[in-house]
Amino acid sequence: MQFIDLGAQRERIGDRLKAAIDRVIEDGRYILGPEVAEFEAKLAAYVGVKHCVACANGTDALLLPLYASGIGPGDAVFVPSFTFAATAEVVALAKAEPVFVDVDPNTYNIDIDSLEAAVAMIKAEGRLKPKAIIPVDLFGLGADYDAIMAIAERENLLVIEDAAQAIGGSVGDRMCGSFGHVGATSFYPAKPLGCYGDGGAMFTNDDALAEKLRSFAFHGKGETQYDNIHVGLNSRLDTLQAAILIEKLAILEEEMAARQAVAQRYAEGLGDVVKVAQVPAGSRSAWAQYAIETPARDALKAHLHASGIPSMIYYVKPLHRQVAYRHFPQAPGGLAVSEALPERILSLPMHPYLGADDQDRIIATIRNFVGSNSARLAAE
Ligand SMILES: Cc1ncc(COP(=O)(O)O)c(C=O)c1O
């Protein structure tokens, strides 16, 4: 059994992928070939934004909007602590300071009260200027953008949506990636929309920002490639990866439907024995991960492993406790949820090709474990 089965997808569309790769190799336009613009247009339409600017990876997709907005030394950028390191890493790379905010215990996304408290603290201290928020759509579930955008508008903050795990997710009638002033995503192979290497993209409805992002992703180019108006990066999506992504985007909605069915089966099979993933009404998760919580997490993980069932811990440590980030500011009142989750959370196999038999075995194995441990768990 696989945690994420990329082989099953490859079997399904392997012929189309090989033909797409062959076409690029024969055509020879390996950098910014026509497939890149075609993919950008198709993904912009899918996400529902005016501009999609592809780049080299999801980390650059977060970093480039910071550069393009002139965020740097003396600036504060509010980020959740319970996320992948890249969310805070880009802030430090831009020489600004990440300010760590706690997450909501049910959605695992940035906690609005903690965000309010962090903004108030930074303003009162006066050492840093509040400049931006990077909410993360963790595990594929969109953050609370109504509340986030209201704070951003009031405080004049840029919002960069970290939708690295969330292409295919939605909140209300809008797709993840379309929230905030600019959205960022990753095409790392294991993501809901993944390529066969590194890749990323940025989304915005702002014409001027889109042009700047394109420039910063291409050595800060002006009118021509040899006209440098900004200090930028070399951050482009390879034509080969764009050709692969066009084929994968064509089946994404079908895969999303399959992911919803897998999530539903987990919720029905496990909801009475462990805390299962919560999805607010009106939202659709892209289900990059399916996370459960239990106090006996380590023993459950070992039991699953002994039964040949893979599982993963995302994340083992909140960022504000990591050596590289522990000296940056934290929201007042502590980050209790971000600190407790790494002890309890466990991600189960989740992909569109997970068969019902395999899934029923995962569910039965967990139920069996919880049943035989219930007396001990009740005592904890
Ligand atoms: C939440 C989050 N942000 C940013 C990234 C960075 O993406 P990449 O690995 O493509 O640089 C990832 C994924 O790896 C992620 O999960």
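At distances below 3.5 Å, not a single donor-acceptor pair connects side-chain atoms of His219 with backbone N or O atoms of Lys221. With hydrogens and angles ignored, the 3.5 Å screen pairs a side-chain donor or acceptor of Asn109 with a backbone N or O of Leu141. Between the side chain of Asp104 and the backbone N or O of Thr107 there is at least one donor-acceptor pair closer than 3.5 Å. In terms of modelled atom types and a separation under 3.5 Å, the side chain of Ser178 and the main chain of Met175 share a donor-acceptor contact. Judged by distance alone, with hydrogens and angles left aside, the side-chain atoms of His181 form a donor-acceptor pair with the main-chain N or O of Val159 at under 3.5 Å. Not a single donor-acceptor pair under 3.5 Å links the side chain of Asp60 to the backbone N or O of Ala56. Judged by distance alone, with hydrogens and angles left aside, the side-chain atoms of Glu161 form a donor-acceptor pair with the main-chain N or O of Gly177 at under 3.5 Å. Not one N or O on the side chain of Arg174 forms a donor-acceptor pair closer than 3.5 Å with the backbone of Gly48. No side-chain donor-acceptor contact under 3.5 Å links Glu343 to the backbone of Ala296. In this structure a side-chain-to-backbone donor-acceptor pair under 3.5 Å is present from Gln278 to Val276.
A salt bridge (Lys or Arg N to Asp or Glu O under 4.0 Å) with Asp207 is found for exactly one of Lys212, Lys50, Arg214, namely Lys50. Asp102 pairs with exactly one of Ser114, Ser338, Ser81 by the side-chain hydrogen bond (donor to acceptor under 3.5 Å, both in side chains) rule, that one being Ser338. Screening Leu335, Asp113, Ile110, Val79 against Val101 for a side-chain contact (heavy atoms from CB on, under 4.5 Å) leaves a single residue, Ile110.
For the atom pair CD of Gln260 and OG of Ser285, the computed distance is 7.0 Å after rounding to the nearest 0.5 Å. The CG atom of Asp146 lies 11.5 Å from the CD1 atom of Ile151; values are rounded to the nearest 0.5 Å. Atom CD1 in Ile112 sits 4.5 Å away from atom CG in Asp144 (nearest 0.5 Å). Residue Ile160 holds its CD1 atom at 6.0 Å from OG of Ser69, rounded to the nearest 0.5 Å. Taken to the nearest 0.5 Å, the CD atom of Gln330 stands 5.0 Å off from the NE2 atom of His320. To the nearest 0.5 Å, atoms CZ (Phe39) and CG (Leu193) are separated by 5.0 Å.
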Between Leu346 and Thr294, is the side chain to side chain contact (heavy atoms under 4.5 Å, CB included) condition met? List the steps. CA-CA 8 Å; Leu346 189 65; Thr294 173; 5.8 Å; no
One pair to check against side chain to side chain contact (heavy atoms under 4.5 Å, CB included): Asp238 and Asp198. What are the steps and the verdict? CA-CA 9 Å; Asp238 292 345; Asp198 279 309; over 6 Å; no
Between Lys123 and Val119, does the side chain to side chain contact (heavy atoms under 4.5 Å, CB included) criterion hold? Intermediate values first, please. CA-CA 6 Å; Lys123 282 166 69 180; Val119 173; 3.9 Å; yes
Going through the distances and angles, do Met350 and Ile4 end up as a side chain to side chain contact (heavy atoms under 4.5 Å, CB included)? CA-CA 6 Å; Met350 164 53 84; Ile4 293 177; over 6 Å; no
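Between Lys131 and Glu97 there is no salt bridge, since no side-chain N of the basic residue sits under 4.0 Å from a carboxylate O of the acidic one. Taking the charged nitrogens against the carboxylate oxygens, Asp75 and Lys95 have no contact shorter than 4.0 Å, which rules out a salt bridge. Taking the charged nitrogens against the carboxylate oxygens, Glu339 and Arg321 do have a contact shorter than 4.0 Å, which makes a salt bridge.
Between Met1 and Ile362 there is a side-chain heavy-atom pair separated by less than 4.5 Å. Leu348 is not listed as a side-chain neighbour of Gln289, based on a closest heavy-atom distance of 4.5 Å or more. At a threshold of 4.5 Å between non-hydrogen side-chain atoms, the residues Ser215 and Ile229 count as touching. No side-chain heavy atom of Arg284 sits less than 4.5 Å from a side-chain heavy atom of Val171. Within the 4.5 Å cutoff, the side chain of Val77 has no heavy atoms near those of the Ile133 side chain. Gln241 places a side-chain heavy atom less than 4.5 Å from the side chain of Tyr196. Inter-residue side-chain proximity for Phe82 and Leu138 is flagged as met; some heavy-atom pair is nearer than 4.5 Å. In this structure, the side chains of Lys275 and Ile292 stay at 4.5 Å or more apart for every pair of heavy atoms.
Linking Ile, Leu, Val, Met, Phe, Trp and Tyr whenever their side-chain heavy atoms come within less than 4.5 Å puts Val279 and Val262 in one cluster. Ile25 and Leu245 fall into different hydrophobic clusters, where Ile, Leu, Val, Met, Phe, Trp and Tyr residues are linked whenever their side-chain heavy atoms come under 4.5 Å apart, directly or through other members. No chain of hydrophobic side-chain contacts below 4.5 Å, direct or via other Ile, Leu, Val, Met, Phe, Trp or Tyr residues, connects Phe100 to Ile122. Under a hydrophobic clustering in which Ile, Leu, Val, Met, Phe, Trp and Tyr are joined whenever their side-chain heavy atoms come within less than 4.5 Å, directly or via other members, Ile167 and Val49 fall into the same cluster. With hydrophobic clusters built from ILVMFWY side chains whose heavy atoms lie under 4.5 angstrom apart, Ile309 shares a cluster with Trp287.
Other residues, nucleotides and ligands contribute over 12 non-hydrogen atoms within 6.0 Å of the CD atom of Glu125. Annotation for Glu38: atom CD counts as buried by contact number, over 12 foreign heavy atoms lying within 6.0 Å. More than 12 heavy atoms of other residues, nucleotides or ligands shown are found within 6.0 angstrom of OH on Tyr325. Surrounding CD of Glu253 are more than 12 heavy atoms belonging to other residues, nucleotides or ligands, all under 6.0 Å away. Heavy-atom neighbours of Asp272 CG from other residues, nucleotides or ligands within 6.0 Å: above the threshold of 12. Residue-environment remark: CZ (Arg10) stays at or below the threshold of 12 foreign heavy atoms within 6.0 Å.
Taking the six-membered ring for Trp and thresholds of 30 and 60 degrees, Phe179 and Tyr145 have nearly parallel ring planes, at less than 30 degrees apart. Ring geometry for Tyr314 against Phe3 counts as tilted: the plane angle lies between 30° and 60°, on a 0 to 90° scale. Ring pair Phe139/Tyr108 is perpendicular by interplanar angle, where above 60° counts as perpendicular and below 30° as parallel. Between His303 and Phe369, the ring planes are tilted. Angles from 30° to 60° get that label.
Minimum interatomic distance between Ile313 and Ile345 (heavy atoms only, all atoms of both residues): CG2-O, 4.0 Å. Closest heavy-atom contact between Pro352 and Ala258: O-CB, 3.4 Å. In terms of heavy-atom proximity, Ala164 sits nearest to Thr185 at CA-OG1, 3.5 Å. Contact record, Ala86 with Leu62: O-CD1, 4.1 Å, taken as the closest heavy-atom pair. Closest of all the heavy-atom pairs between Leu237 and Gly200 is CD1-N, 4.3 Å. Across every non-hydrogen atom of Ser307 and Arg361, the tightest pair is O-NH1, 2.9 Å.
A cation-pi arrangement is not found for Arg12 relative to Tyr353, the charged atom failing to lie both closer than 6.0 Å to the ring centre and inside a 45° cone about the ring normal.
The side chain to side chain donor-acceptor pair (under 3.5 Å) search around Gln9 returns Lys248, Glu255, not counting sequence neighbours.
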